[in-house]
Every structure is written in structure tokens, then in C-alpha cells.
Amino acid sequence: MRVVLGVSGGIAAYKAIEVCRRLVDAGHHVTPVLTDAAVHFVGETTFAALASAPVQRSLWEGTIPHTRLGKTADVVVVAPATADLLARYAAGMADDLLTATLLATRAPVVVCPAMHTEMWEHPAVQDNLARLVARGVVVVPPETGRLAGGDVGAGRMAEPAAIVAAVAAAGGPRDLEGRRVVVSAGGTRERIDPVRVITNRSSGKQGHAVAEAAAARGASVTLVTAAPLSVDAPAVEVVRVESAADMEAAMVAAAPGADVVVMAAAVADFRPKASAEVKVHGVPELVLEQTPDILAELVRRRDPGQVIVGFAAETDDPLERGAGKLERKGVDLLVVNDVSAPGVGFDHDTNAVTILSAGGGAVEVPLRTKREVAEALLDRVVGLLTTTHRDPPRTAPADQTGRTAT
Ligand code: PMT
């Protein structure tokens, strides 16, 4: 998405630097537009180093920059939006590049007010905001917290994560509106005793990115996560779990009625048969057993028409193994990542995947941010949903031991 990041002159402008970085990391093309007051708080050079395009400051440089910026933007976000900026925008003034761009754009606009409590509560500010909301402007409300000068109260700009989520929601496609999506994330932890666990290297970033991207596209999302990560989307219902058994119970409870189920979690394949009640001293002899195959269980219980997505973390012959897993697991899409490749899979901010489809065909997504990988996956999911996915429920075949291969 092409994002114009307007920065007006308040102390919260320092947080706009983080907003800029996160927007770029999420794959957006960011052009910062700084007001004269903004540069009293933050340097142009910082934005120049982080953004995708040169910093813009003046109406008088280049040819009609405000209409060019306004027309090409997918979203304009103002963070921070001071009381003065809100007043000028609400009044329809266009006396600098930022306000002129705000009037010249037809793209969604997101404003992130930041000011002292007395100013925030002033009827003039609230009237201006109400006018902007009535015109369709999205407001990311400020929080209560520490303000400039050590005061504490309402008016502190929202955190960058919430702002980035609001931008994605405002500018991205809303093609999952009315859909319910359930996603799993993170590496489960299987207890040896109250102190030690068996786990794996999953950070949960890929699953969280899928959940956040689905929420931004309008879905109502339940995220079942074993990762200690925060969630950058207020609309996501988060269910925290630890073990494979917890995750199975949460996924089985959440999946009925969902349009889409995505198993991005790295579920531990085995666990201690018994875990000790108290800390084990010395070296224990562990007897391991297989964990439940959650994905197979979800496929067995699948609602008619429900789209089920699995992931496969592979290190050798990823595509061949992935194709076998697609078949065995009975999923609609299988996202294969070669976790031995640089920048791919566990804990990285990036991933590279091939999305295999049960209907045939493969889409390759080269090394991208996990959010971009999530978007590419959701494009495929939306494709399946819109071609009225009506295949009868399929079941995953069991192996000779009665267990399903993972
Ligand atoms: O979390 P990150 O650090 O961002 O890393 C992302 C990731 C590498 C974890 C992710 O991209 C990924 O590949 N997730 C699946 C990892 C995995 O467990 O792969 P698998 O091939 O072992 O399992 C295949 C599928 O079966 C997966 O959808 C898995 O969730 C599911 N499974 C596996 C075992 C089990 N007992 N129950 C399951 O449901």
C-alpha cells in the first residue's frame, strides 16, 4: 500500500518514527510529510533514512505535490495529529502541504490525536473530531498515560502497533468482512516438570501475522497462540495456550462455524508421557508419546465449505514432502516453508513459502515480511471462499498405528 505519513508538531512525533519503520517493515511504501512544527520535535534525516520515499515538506517544491501525494495514496495517516492540525483539517484549510494533501485525497484518512488532557477534552477539539468522523475519517483515539512535562492523563498518542493496524484496516481490501477466521500460532510447550519443557523454535510471528492480516481485511478472528507475543490488532480475540492438548481443546472449540481455519502453529510432535509434579533433580529418563494431531482432528470435524490451511516446516525436499502432506492432511491449502533457508521460518521477521492447493497448482512467495506472506495466503483463501468452496468434508487417513502422520 502507498501510505502518506503526515507528522504534525507535537512531542509524540518521536513515536511517528516507529510508525514509519513498522509501516515499511509491513511492506508499505511510505512517504513522510512533515509540517514546519514537526521538525521542531524530530529530524527530517531520521525519516529520510527509514521511509520508502523522500520526506516532503513544502507546497512549493516540485509540481503540485499535494495532488500527486493525495491521488497516489492508498491511505493518509496523521500521527501525531495536534489540536491545531485537527482544527485546520476540519475547517477545510489547506495552508501547508499536509493539510492540502488531506483535502486533495480520496483515500481513507486515519488521524491519531495527541495532546495534553485539557486540550483533548476541550469542546473545540471534540467538535472538530466529530466533524471529521462524520466525514468518514478514522480516529485512533489517544490513550491515558504519561504526557509531556511529566503530567499523566488522557491524550497520549496510541502506540505505533495500533496505528499500523488501523492503517492496514483502513487501506487494505475488506474481502473477509463477515467471515470468521481461526488461527493457531507459536510453538507449544510440553511440561517435563514445573520448570522444564519440550518446545521448538517457533516465535509465533507467522501465525500472528496471519491473524492480524485477516482482521485488517474485516474478518472476526480468534487467535489461539502459544507465543508470548502481543497482538497488533484490537479486534482479534486471543486465546493463550501452552501445550498441544490446550491448543487442541481451544482450536476444536473455536473452529465450528468458522469460514477459515489456519494451523500456523508448530505443535510439538511428542511430549513426556507423564510430567513430574515437582522439580526433577538429576537427569530424568523421559518416555515420550505422540501429541494429538490437531490439524487432522480439525479436518475430521470440518464444517461443510470450511477452508482449512496447514503449514509445513521442512528442511529437505520441501516441495515433495509438502505435496505428500497436503494429500495426507486433507487440507485445502498447505503453506510449505524450507526452514533451513536463510531468513525463512522460525523466528525470522521474513519468510519464503510455496502455497500448495488441493485443487492443484502452487503459488510461490519469495522472501518477504511475514505480513506479506500472510496477505498472499489470504488472497488464496479469499479466492477459495469466493468460488463457493463446496467440497464435501474430507478426512485425514490414519496410518497403521491409528495415528495420523505429521
Ligand atoms: O512461528 P514463527 O517463528 O513465525 O515460524 C513460523 C513457522 C515456521 C512455525 C510456520 O511458518 C510453520 O511452518 N508452521 C508449521 C510448523 C509445523 O509444525 O510443521 P509440521 O510440518 O510439523 O506440521 C504440519 C501441520 O500439522 C502444521 O499445520 C501443524 O500446525 C500441524 N500439526 C502438527 C503436529 C501436530 N501434533 N498437530 C498439528 O496440528
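Each ligand, and each atom within it, is numbered from 1 in the order the structure gives.
For ligand 1, the atoms closer than 4.0 angstrom to any heavy atom of Ala264 are 9 (C), 10 (C), 12 (C), 14 (N), 15 (C). Annotation for ligand 1: atoms under 4.0 Å from non-hydrogen atoms of Lys370 are 2 (P), 3 (O), 4 (O), 5 (O). When each atom of ligand 1 is checked for a heavy atom of Gly310 under 4.0 Å away, the hits are 28 (O). Contact atoms of ligand 1 toward Asn351: 11 (O) (distance under 4.0 Å to a heavy atom of the residue). Listed by number with element, the atoms of ligand 1 under 4.0 angstrom from any heavy atom of Ile294 are 37 (N), 38 (C), 39 (O). Residue contact check: Pro292 has heavy atoms under 4.0 Å from atoms 35 (C), 36 (N), 37 (N) of ligand 1. For ligand 1, the atoms sitting less than 4.0 Å from at least one non-hydrogen atom of Lys329 are 26 (O), numbered in the order shown with element in parentheses. Less than 4.0 angstrom separates some heavy atom of Thr291 from each of these atoms of ligand 1: 36 (N).
For ligand 1, the polar-atom distance check finds an N/O of Met263 within less than 3.5 Å of one of the ligand's N/O atoms. Taking only nitrogen or oxygen atoms, main chain and side chain alike, Gly186 does not reach within less than 3.5 Å of ligand 1. Below 3.5 Å of separation, one finds an N or O of Asn337 facing an N or O of ligand 1. At least one N or O atom of Ala265, backbone or side chain, sits closer than 3.5 Å to an N or O atom of ligand 1. Considering both main-chain and side-chain atoms, Leu295 comes within under 3.5 Å of ligand 1 through a nitrogen or oxygen pair.
Both the backbone and the side chain of Ser203 come within 4.0 Å of ligand 1, counting heavy atoms alone. Residue contacts with ligand 1, taken as heavy atom pairs separated by less than 4.0 Å, involve Asp269 solely via side-chain atoms from C-beta onward. Contacts with ligand 1 closer than 4.0 Å are made by side-chain heavy atoms of Lys325 only, the backbone lying farther away.
More than 12 heavy atoms of other residues, nucleotides or ligands sit less than 6.0 Å from atom CD of Gln126. Within 6.0 Å of CD in Glu143 there are more than 12 heavy atoms belonging to other residues, nucleotides or ligands. Heavy atoms from other residues, nucleotides or ligands lying under 6.0 Å from CZ of Arg196 number more than 12. Residue Glu289 places its CD atom among more than 12 non-hydrogen atoms of other residues, nucleotides or ligands, all under 6.0 Å distant.
The heavy-atom pair separating Phe346 from Ala266 by the smallest distance is CE2-CB, 4.1 Å. Of all the heavy atoms in Asn337 and Ala312, the pair that sits closest is ND2-O, 2.7 Å. In plain terms, the two heavy atoms of Arg302 and Gly330 that are nearest each other are NH2-O, 2.8 Å. Of all non-hydrogen atoms in Leu367 and Ala352, the two that sit nearest each other are N-CB, 3.7 Å. Residues Ala213 and Ala374 come closest through the heavy atom pair CB-CB, 4.0 Å.
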Inset, instruction - In sequence, state the C-alpha distance, the side-chain angles, and the governing distance for Glu61 and Arg57, and then conclude on salt bridge (charged side-chain N to carboxylate O under 4.0 Å, His left out). - result: CA-CA 8 Å; Glu61 278 165 23; Arg57 296 235 355 241; over 6 Å; no
Inset, instruction - Give the C-alpha distance, both sets of side-chain angles, the deciding distance and a yes or no for salt bridge (charged side-chain N to carboxylate O under 4.0 Å, His left out) between Arg368 and Glu375. - result: CA-CA 11 Å; Arg368 295 277 184 272; Glu375 299 287 0; over 6 Å; no
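Considering only non-hydrogen atoms, atom 23 (O) of ligand 1 lies nearest to Phe311 out of Phe346, Phe311, Phe270.
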